[in-house]
Amino acid sequence: MRPSSKNSPRPFLKWVGGKTQLLSELEARLPLDFADCVRVYAEPFVGGGAFLWRILSRPNNLERVIINDLNPDLANAYCVIQSRVENLITTLHTLQRDYRSLANENSKREFYLSIRASYNQKDASHTADSVLRAAQMLFMNRTCFNGLYRVNAKGAFNVPFGRYANPQICDEETLRADAAALSGVEILNGDFANAVSGADTGWFVYFDPPYRPLSSTSSFCDYTQGGFDDGEQRRLAALCRDLDGKGARWLLSNSDPKGRNPADSFFDELYAGFDIQGVQATRMLNSNPKKRGKLGELLISNYTNGGKP
């Protein structure tokens, strides 16, 4: 599987925790023989897919690419882009035209809130229209406050309206490039462990789970109902050890708790025996501008030959 579009694919959504700012660090830590020896690439927490698009743009000998996300609407958006991108573009153009034709901010806010209310309907007839649902998700991502995706305890999208003068709601070039890159990619919607079933020595897995919060107020795991607590972090670590025993290679990113509390050895203990490296990443999605900027993160792997040991 090789790049199939002259335009490079890139994230079609803003996504909290997106890896665009960390791509050079991640790429430097790929196994040195990735292009020749890795035949299956998997991302069990694909999110906005920044690293996925980079991988799909590189020369490779991949036979399978598997992506997964627990968020059903995000998985739906990937599926629609993969198989019905022209329908999606047409629907987005209509939303963009209608939105831009409105005379003032109050009118645009009301239009946004009507789309949000429609999106939050959970009846079967509404959710059956996968293209419309994907279009609404992308529309809100470009017009909501700070480009956040957040749901409440009932699974309803609850981000307020954002103030953008003339947002680009339909990015045809990106959508078509992403559709071409997604050709043949297996798209799953379920538990992260399911995405690596059958992994062996030919696999490389990148784990980008919801980060462990650094304080009681910094948690942002509300991409889906439920969350990702320390119990889930431990279950993920157990899966990583299992994959290591099967010969699969993996790279994992997470927050660095020692940046706030030098005594917090949660990840050191959880991934004892593996390679743990600290990096600095730029985070721009936060409701509080003072909390944006450089943050310490961890890159953990079960190999040391793909970058800085």
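Everything quoted here is computed from the prediction, not taken from an experiment.
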Return the [atom1] to [atom2] distance between [X] and [Y], rounded to the nearest 0.5 Å.
X	Y	atom1	atom2	result
L95	R142	CG	CZ	12.5 Å
F204	S301	CZ	OG	8.0 Å
N254	I276	CG	CD1	11.0 Å
S107	D98	OG	CG	12.5 Å
D171	L175	CG	CG	6.0 Å
R116	M137	CZ	CE	15.0 Å

Quick one: does any side-chain atom of [X] pair with a main-chain N or O of [Y] as donor and acceptor, under 3.5 Å?
X	Y	result
E43	I67	no
D33	C37	no
E25	V279	no
Q96	C170	yes
R39	L62	no
D264	P257	no
T94	T90	yes
S118	S114	no
N141	K14	yes
S83	C79	yes

Do we see a donor-acceptor contact under 3.5 Å between the side chains of [X] and [Y]?
X	Y	answer
N166	R100	yes
D208	S253	yes
N158	R150	yes
E297	S255	no
S197	N194	no
N302	D244	yes

**Asked** What about Y149 and F157, are their ring centers closer than 6.0 Å?
**Response** yes

Is any NZ, NE, NH1 or NH2 atom of the basic residue among [X] and [Y] found under 4.0 Å from an Asp or Glu carboxylate oxygen of the other?
X	Y	answer
D229	R234	no
D268	K258	yes
R58	E27	yes

**Item:** F192 and its side-chain contact (heavy atoms from CB on, under 4.5 Å) partner, picked from D69, L239, L70
**Value:** L239

For a 4.5 angstrom cut-off between non-hydrogen side-chain atoms, does [X] reach [Y]?
X	Y	value
T174	P9	no
K19	L26	yes
N76	N189	no
D73	Q136	no
R29	I300	no
L13	L138	yes
L251	L30	no
R176	E86	yes

**Asked** Can you get from L102 to Y164 by hopping between Ile, Leu, Val, Met, Phe, Trp and Tyr side chains that sit under 4.5 Å apart?
**Response** no

For [X] and [Y], work out which heavy atoms get closest and say how close.
X	Y	value
N68	D191	ND2-O, 3.8 Å
Y211	Q233	C-NE2, 4.0 Å
W203	A195	CZ3-O, 3.7 Å
P31	R249	CB-NH1, 3.4 Å
P167	T143	CG-CG2, 4.0 Å
R10	D178	O-OD2, 2.8 Å

**Item:** Qualifying residue for ring pair (Phe, Tyr, Trp, His ring centres under 6.0 Å) with F139, from Y119, F111, F12
**Value:** F111

**Request:** Please say which of F274, Y303, Y41 ends up in a ring pair (Phe, Tyr, Trp, His ring centres under 6.0 Å) with W250.
**Result:** F274

**Message:** Does R235 form a salt bridge (charged side-chain N to carboxylate O under 4.0 Å, His left out) with E232? I'd like the steps, not just the answer.
**Reply:** CA-CA 5 Å; R235 186 164 72 93; E232 288 295 274; 2.9 Å; yes

**Prompt:** Does K108 make a cation-pi contact with Y99, if we ask for NZ or CZ under 6.0 Å from the ring centre and within 45° of the axis?
**Reply:** yes

**Message:** Between R163 and E105, is the side-chain contact (heavy atoms from CB on, under 4.5 Å) condition met? List the steps.
**Reply:** CA-CA 8 Å; R163 297 178 178 178; E105 184 176 298; 3.1 Å; yes

**Message:** If you apply the rule side-chain contact (heavy atoms from CB on, under 4.5 Å), what do you find for Y271 with L298, and how did you get there?
**Reply:** CA-CA 11 Å; Y271 291 96; L298 296 176; over 6 Å; no

**Message:** Working note: D129 + R133, criterion salt bridge (charged side-chain N to carboxylate O under 4.0 Å, His left out); need CA distance, chi angles, decisive distance, verdict.
**Reply:** CA-CA 6 Å; D129 192 340; R133 194 152 186 82; over 6 Å; no

**Message:** Assess the residue pair F161 and F145 against the criterion (side-chain contact (heavy atoms from CB on, under 4.5 Å)); give the C-alpha distance rounded to whole Å, side-chain angles, the decisive distance to 0.1 Å, and a yes or no.
**Reply:** CA-CA 5 Å; F161 174 69; F145 177 73; over 6 Å; no

**Prompt:** Does the pair I66 and L188 meet the rule for a side-chain contact (heavy atoms from CB on, under 4.5 Å), with working shown?
**Reply:** CA-CA 7 Å; I66 305 164; L188 307 179; 3.8 Å; yes

